[in-house]
Amino acid sequence: MTAMSWGHLAERVLADAGPARYLLGVAGPPGAGKSTFATGLRDALNLRLGQPMAEVAPMDGFHLRNAELRAAGTLARKGEPDTFDAAGFVENLRRLRDTPLGAPVPWPSFDRAIDEPSPGGVVFADHRIVVVEGNYLLFEDEDGQEWSAVRKLLDACWYLDADRRLLEKRLLRRHVRGGRTVGAARVKVHESDFRNADRIAATRDRADLVLRGHQGRYYLN
Ligand SMILES: Nc1ncnc2c1ncn2[C@@H]1O[C@H](COP(=O)(O)OP(=O)(O)O)[C@@H](O)[C@H]1O
Ligand SMILES: [Mg+2]
């Protein structure tokens with residue numbers, strides 16, 4: 001396995017990016033470290049560029065609201081593909097692509113403290129590089145959700161992988177921190193998160209680059 005420094009990773013993006021806004025996807029299972037990686041890559045890019053020209057666009061901001069999930073009976077399996085507003089996500093990716101640099105494009109974030117999406121996330125304007133991170137960037141269409149449109153709107157898509165035991169440890173911690181009992185967290189991980197992780201793993205071969213994170217470092221798979 002080859003270790004990739006932040007400098008290497010940033011160079012790889014910059015070698016591929018042109019003058020137009022560039023969208024890099026980072027897909028992978030829940031707990032793989034996508035959000036952490038996307039932030040690190042953004043910082044490395046901004047350091048290289050000497051200006052804040054890169055920013056993260058999380059797919060998490062397109063979680064459906066809890067009230068909506070409760071009404072649909074899907075709250076317990078929050079995190080699965082049909083608990084996201086895939087169409088809204090695609091529409092906003094398209095807006096990022098189609099809007100000229102300098103004009104504002106607001107992007108929602110996900111507030112883990114209240115477990116709800118928050119419209120007041122980041123506003124893209126002069127950002128030439130967008131690191132789009134989320135679970136289902138490499139999915140096919142299903143149940144009326146047009147996930148396949150996502151990959152078409154990305155210039156490239158990487159995949160961040162992690163061992164199942166590591167995912168389990170991180171996800172258990174996340175759910176307990178979020179207020180679940182250890183038992184309920186275990187059920188959530190094994191009956192929901194891991195089912196998603198299996199389906200996401202089946203999309204890994206579509207990625208342009210597969211990375212594995214370990215103790216704060218990233219390796220080419
Ligand atoms: N490369 C890494 N080395 C060690 N811990 C990491 C690494 N990447 C992420 N983590 C930890 O794993 C947990 C999940 O990371 P996160 O970025 O939230 O994953 P994701 O967005 O894929 O669900 C967090 O607690 C984070 O601090
Ligand atoms: Mg995340």
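Heads up: numbering here begins at 1 and tracks the sequence. Any value given below was found using the heavy atoms of this structure, including those in side chains, with hydrogens, waters and symmetry copies removed.
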Query raised in the report: Mind checking what makes ring-ring contact (aromatic ring centres under 6.0 Å, His included) contact with His175, not counting sequence neighbours?
Result: none
Query raised in the report: What's the shortest heavy-atom distance between Gly79 and Tyr136, and which atoms?
Result: O-OH, 2.6 Å
Requested in this report: Please name all residues satisfying side-chain contact (heavy atoms from CB on, under 4.5 Å) with Thr36, sequence neighbours left out, ordered by chain then number.
Outcome: Tyr218
Requested in this report: Can you sort out the partners of Arg112 under side chain to side chain donor-acceptor pair (under 3.5 Å), two or more places apart, ordered by chain and number?
Outcome: none
Requested in this report: Determine, for Glu168 against Arg164, whether the closest basic-nitrogen to carboxylate-oxygen distance falls under 4.0 angstrom.
Outcome: no
Query raised in the report: Nearest 0.5 Å, what's the CZ-SG distance between Arg204 and Cys157?
Result: 13.5 Å
Requested in this report: Supply the atom-to-atom distance Ile200 CD1 to Asn135 CG, rounded to the nearest 0.5 angstrom.
Outcome: 4.0 Å
Report task. For Phe110, enumerate each residue passing the ring-ring contact (aromatic ring centres under 6.0 Å, His included) test, keeping only those at least two apart in sequence or located in another chain. Result -> His63
Report task. Quick one: list whatever passes side chain to side chain donor-acceptor pair (under 3.5 Å) with Glu140, sequence neighbours left out. Result -> Arg206
Query raised in the report: In the single-linkage hydrophobic clustering (I, L, V, M, F, W, Y; side-chain heavy atoms under 4.5 Å), do Leu45 and Val130 co-cluster?
Result: no
**Report entry** Backbone N/O of Pro58 and side chain of Trp107: donor-acceptor pair under 3.5 Å
**Finding:** yes
Report task. Please confirm whether the backbone N or O of Ser148 pairs with a side-chain atom of Asp141, one donor and one acceptor, at under 3.5 Å? Result -> yes
Query raised in the report: So how far is it from Glu116 CD to Leu64 CG, rounded to the nearest 0.5 Å?
Result: 10.0 Å
Report summary line: side-chain contact (heavy atoms from CB on, under 4.5 Å) filter on Ala38, not counting sequence neighbours, yields Val56, Val131, Glu133
**Report entry** By side chain to side chain donor-acceptor pair (under 3.5 Å) - contacts of Thr39 (at least two apart)
**Finding:** none
Query - Whether Phe37 and Trp158 hold their rings parallel, tilted or perpendicular, with breakpoints at 30° and 60° - result: tilted
**Report entry** Minimum heavy-atom distance between Gly88 and Asn92, given as atom pair plus value
**Finding:** O-ND2, 2.8 Å
**Report entry** Between CG on residue Asp161 and CZ on residue Arg212, distance to nearest 0.5 Å
**Finding:** 4.5 Å
**Report entry** Value rounded to 0.5 Å, distance of CD in Gln145 from CZ in Phe89
**Finding:** 11.5 Å
Query raised in the report: Quick one: do Leu171 and Leu166 end up in the same hydrophobic cluster if we chain Ile, Leu, Val, Met, Phe, Trp and Tyr together by side-chain heavy atoms under 4.5 Å apart?
Result: no
Query raised in the report: Can you tell if the side chain of Met53 reaches within under 4.5 Å of the side chain of Ile129, non-hydrogen atoms only?
Result: no
Query raised in the report: Is the side chain of Arg97 donor-acceptor paired with the backbone N or O of Leu153 at a distance under 3.5 Å, no angle test?
Result: yes
Query raised in the report: Does Leu49 belong to the same Ile/Leu/Val/Met/Phe/Trp/Tyr cluster as Trp6, with side-chain heavy atoms less than 4.5 Å apart forming each link?
Result: yes
Report summary line: Shortest non-hydrogen pair, Arg65 vs Pro117, comes out as NH1-O, 3.4 Å
Just distance, no hydrogens or angles: give the donor-acceptor pairs under 3.5 Å from side chains in residues 13-33, sequence neighbours left out.
| unit_1 | atom_1 | unit_2 | atom_2 | d |
| --- | --- | --- | --- | --- |
| Asp16 | OD2 | Tyr22 | OH | 2.5 |
| Arg21 | NE | His127 | O | 2.8 |
| Arg21 | NH1 | Leu96 | O | 2.9 |
| Arg21 | NH2 | Ala125 | O | 2.8 |
| Arg21 | NH2 | His127 | O | 3.4 |

Query - side chain to side chain donor-acceptor pair (under 3.5 Å) partners of Thr83, counting only residues at least two apart - result: none
**Report entry** Pairs touching residues 169-197 that satisfy salt bridge (Lys or Arg N to Asp or Glu O under 4.0 Å), sequence neighbours left out
**Finding:** Glu80-Arg195
Query raised in the report: Quick one: CD on Glu146 to CD on Glu91, what's the gap to the nearest 0.5 Å?
Result: 12.0 Å
Report task. For Gln51 and Asp126, run side chain to side chain contact (heavy atoms under 4.5 Å, CB included): C-alpha distance rounded to whole Å, both residues' side-chain angles, the deciding distance at 0.1 Å, then the answer. Result -> CA-CA 10 Å; Gln51 289 178 59; Asp126 294 318; over 6 Å; no
Report summary line: The ring-ring contact (aromatic ring centres under 6.0 Å, His included) partners of His190 (sequence neighbours excluded) come to Phe194
Report summary line: Those residues at least two apart in sequence (or on a different chain) that pass side-chain contact (heavy atoms from CB on, under 4.5 Å) with Ala207 are Leu138, Tyr159, Val210
Query raised in the report: Val122 and Met59: same hydrophobic cluster, using ILVMFWY side-chain contacts below 4.5 Å?
Result: yes
Requested in this report: List the atom of Leu220, the atom of Leu211, and the distance in Å for their closest heavy-atom pair.
Outcome: CD2-CD2, 3.9 Å
Query - Exercise: identify the closest heavy-atom pair between Pro81 and Trp147 - result: O-CZ2, 3.5 Å
Report summary line: Correct closest heavy-atom pair for Arg77 and Ser192 would be CA-OG, 4.0 Å
